[in-house]
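Each residue takes its place number in the sequence, starting with 1.
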Amino acid sequence: MTLSIARLTKLLFLLLLASSLAACSTRRTGGGGDDDDDDSAVDDDDAADDDDAADDDDAADDDDVTTGDDDDVDDDDAADDDDAADDDDVTGDDDDAADDDDVTGDDDDAADDDDVTGDDDDATSGPALADGTYVVTYWEDLGAGIPFCEQRIEFTAVVTHGFGVLSGCSACTGRIDFVSFNDVSNPGSNPDHCDVSALDALGENVGAALVDSGAYGDFATPLGFIDANSHALLGLDLTVDPGNDNTAAGLEATWSGAGLDYTHAAFLDSSPANSLASSGGLSAVVNPIAPNSDFLAGWSLARNPATNPNGGATLQGEYVGNAFFVLNIGGSGYETVSFTMELDVGP
């Protein structure tokens, strides 16, 4: 199987976007993090109603713990932190009404709700489990929008956030490590799906080669990613062709045309000698995350605000993605292969 990488024009990007949105299955919705601020039944900063029956600021009687607690019914304990007059009798407490942010590093810091890793309102308390689907589309005529068949490979993964979590990609704000793959293509139940056994017989199973670390393995090696704000700060155009604006602003404009918000870019590791990114000339099509880096732009990801309210830097909830490249293959009945992704990241 001889593959060559080609650039994805904006017109083809929009075509693939429409195709991926039409095919995108309904997935579970991620949650947690700093949206509900309610991970503990008895914490002291429950945003939903601030009225857990067993906590120490219960509104029902304002005195559920003891005389002298921080919301005592007489509200005149000299050292409490909840004086009715101004909720600020103790300077530096952790529920100061003025800005809820008087102590940097407390457990309900309003600025980012995530100042202490592992506290009771931590937005990213550790690696998150994820699942998704690589959608590999074989095209009879991509320019005319005529598909040949669609291959669907489900995966499970672990998402880790933070700078420095992926060796060789210091600018990345996180990584995705793939755990398992399962080709669920079934032409018997869906005539649009590929017959994987026929692809195998012809030696043209592109999807299998990309998730097999013993073959190309590009879609099995860890992905580095950056959030859209970090992308904007880098000022990086992710593709080489100056006619395609794949800066953060350009991608936001492209995705917003479909009612979606651009959130992240993901990068393929081209260092393995057997990878398609290395042998197929990906560097002629896309740019690295930093000069001389082996991590080359591979994907842009976006969310639907109607189904995923998380607009932050962390990956959480449902996303769709488009690859920045296509493959010219000249196979049996098709000429081009493209890639889209469905991703669902849990809390």
Side-chain angles (χ1 to χ4, degrees), residues 1-6 8 16 20 23 25 129-139 147-160 166-169 175-187 190 192-225 266-283 285-286 294-299 301 321-345:
M1 178 169 56
T2 302
L3 305 176
S4 63
I5 294 176
L8 184 65
L16 295 181
S20 66
S25 60
L129 299 179
D131 58 75
T133 305
Y134 282 128
V135 182
V136 183
T137 306
Y138 300 73
W139 294 89
F148 181 78
C149 69
E150 175 183 281
Q151 182 179 19
R152 298 183 66 85
I153 301 176
E154 294 183 347
F155 60 78
T156 60
V158 176
V159 177
T160 307
L166 182 58
S167 177
C169 192
R175 64 185 289 167
I176 302 174
D177 291 272
F178 296 95
V179 177
S180 66
F181 300 97
N182 181 32
D183 194 324
V184 296
S185 308
N186 187 349
N190 189 330
D192 293 333
H193 285 191
C194 298
D195 183 341
V196 177
S197 61
L199 293 176
D200 286 333
L202 294 168
E204 296 173 354
N205 191 334
V206 175
L210 288 171
V211 299
D212 181 358
S213 56
Y216 288 122
D218 297 68
F219 290 0
T221 55
L223 279 175
F225 63 82
F267 295 79
L268 297 167
D269 185 0
S270 65
S271 63
N274 61 313
S275 69
L276 184 62
S278 174
S279 62
L282 184 59
S283 62
V285 176
V286 300
D294 289 323
F295 284 85
L296 305 177
W299 299 87
L301 302 176
N322 266 358
F324 287 114
F325 59 92
V326 295
L327 301 181
N328 292 327
I329 184 172
S332 304
Y334 45 88
E335 59 179 23
T336 307
V337 181
S338 67
F339 310 96
T340 55
M341 180 196 298
E342 301 162 10
L343 177 66
D344 188 0
V345 185

Side chain to side chain, [X] and [Y], heavy atoms closer than 4.5 Å:
X: Val206; Y: Leu327; value: yes
X: Val158; Y: Leu129; value: yes
X: Asp212; Y: Leu210; value: no
X: Pro222; Y: Leu166; value: yes
X: Asp183; Y: Phe181; value: no
X: Glu204; Y: Tyr138; value: no
X: Val337; Y: Val326; value: no
X: Phe225; Y: Trp299; value: no

- [ ] Could you walk me through whether Glu342 and Val135 pass the side-chain contact (heavy atoms from CB on, under 4.5 Å) test, one step at a time?
- [x] CA-CA 8 Å; Glu342 301 162 10; Val135 182; 4.0 Å; yes
TODO: Kindly determine whether Ser283 and Leu296 satisfy side-chain contact (heavy atoms from CB on, under 4.5 Å), including the steps that lead there.
DONE: CA-CA 7 Å; Ser283 62; Leu296 305 177; 4.2 Å; yes
Could you pull out the closest heavy-atom pair between [X] and [Y], with the gap in Å?
X: Ser332; Y: Phe148; result: O-CZ, 3.7 Å
X: Leu199; Y: Cys194; result: CD1-CB, 3.9 Å
X: Ser278; Y: Ala273; result: OG-O, 4.0 Å
X: Phe295; Y: Ser167; result: CE1-O, 3.7 Å
X: Ser275; Y: Ser270; result: OG-O, 3.7 Å
X: Val196; Y: Ser185; result: CG2-CB, 3.7 Å

Calculate, to the nearest 0.5 Å, the distance between atoms [atom1] and [atom2] belonging to [X] and [Y] respectively.
X: Gln151; Y: Thr137; atom1: CD; atom2: OG1; answer: 9.5 Å
X: Asp294; Y: Leu268; atom1: CG; atom2: CG; answer: 12.0 Å
X: Asn182; Y: Arg152; atom1: CG; atom2: CZ; answer: 12.0 Å
X: Phe155; Y: Thr133; atom1: CZ; atom2: OG1; answer: 6.5 Å
X: Ile329; Y: Thr336; atom1: CD1; atom2: OG1; answer: 9.5 Å
X: Asp269; Y: Thr221; atom1: CG; atom2: OG1; answer: 5.5 Å

Task: Any donor-acceptor N/O pair, His193 side chain to Asn186 backbone, under 3.5 Å - done: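 Side chain of His193 to backbone of Asn186: a pair is present.
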Task: Thr340 side chain vs Gly321 backbone, donor-acceptor pair below 3.5 Å - done: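 Not confirmed, Thr340 side chain does not pair with Gly321 backbone.
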Checking [Y] against [X]: is there a side-chain donor and acceptor pair closer than 3.5 Å?
X: Asn190; Y: Glu150; value: no
X: Thr156; Y: Ser180; value: yes
X: Tyr134; Y: Glu154; value: no

TODO: Over 60° means perpendicular and under 30° means parallel, so classify the ring planes of Phe339 and Phe325, tilted if in between.
DONE: tilted
TODO: Would you please test Ile153 and Phe219 for side-chain contact (heavy atoms from CB on, under 4.5 Å) and show each step?
DONE: CA-CA 11 Å; Ile153 301 176; Phe219 290 0; over 6 Å; no
TODO: Go through Tyr334 and Cys149 one step at a time and tell me if the side-chain contact (heavy atoms from CB on, under 4.5 Å) criterion holds.
DONE: CA-CA 9 Å; Tyr334 45 88; Cys149 69; 5.8 Å; no
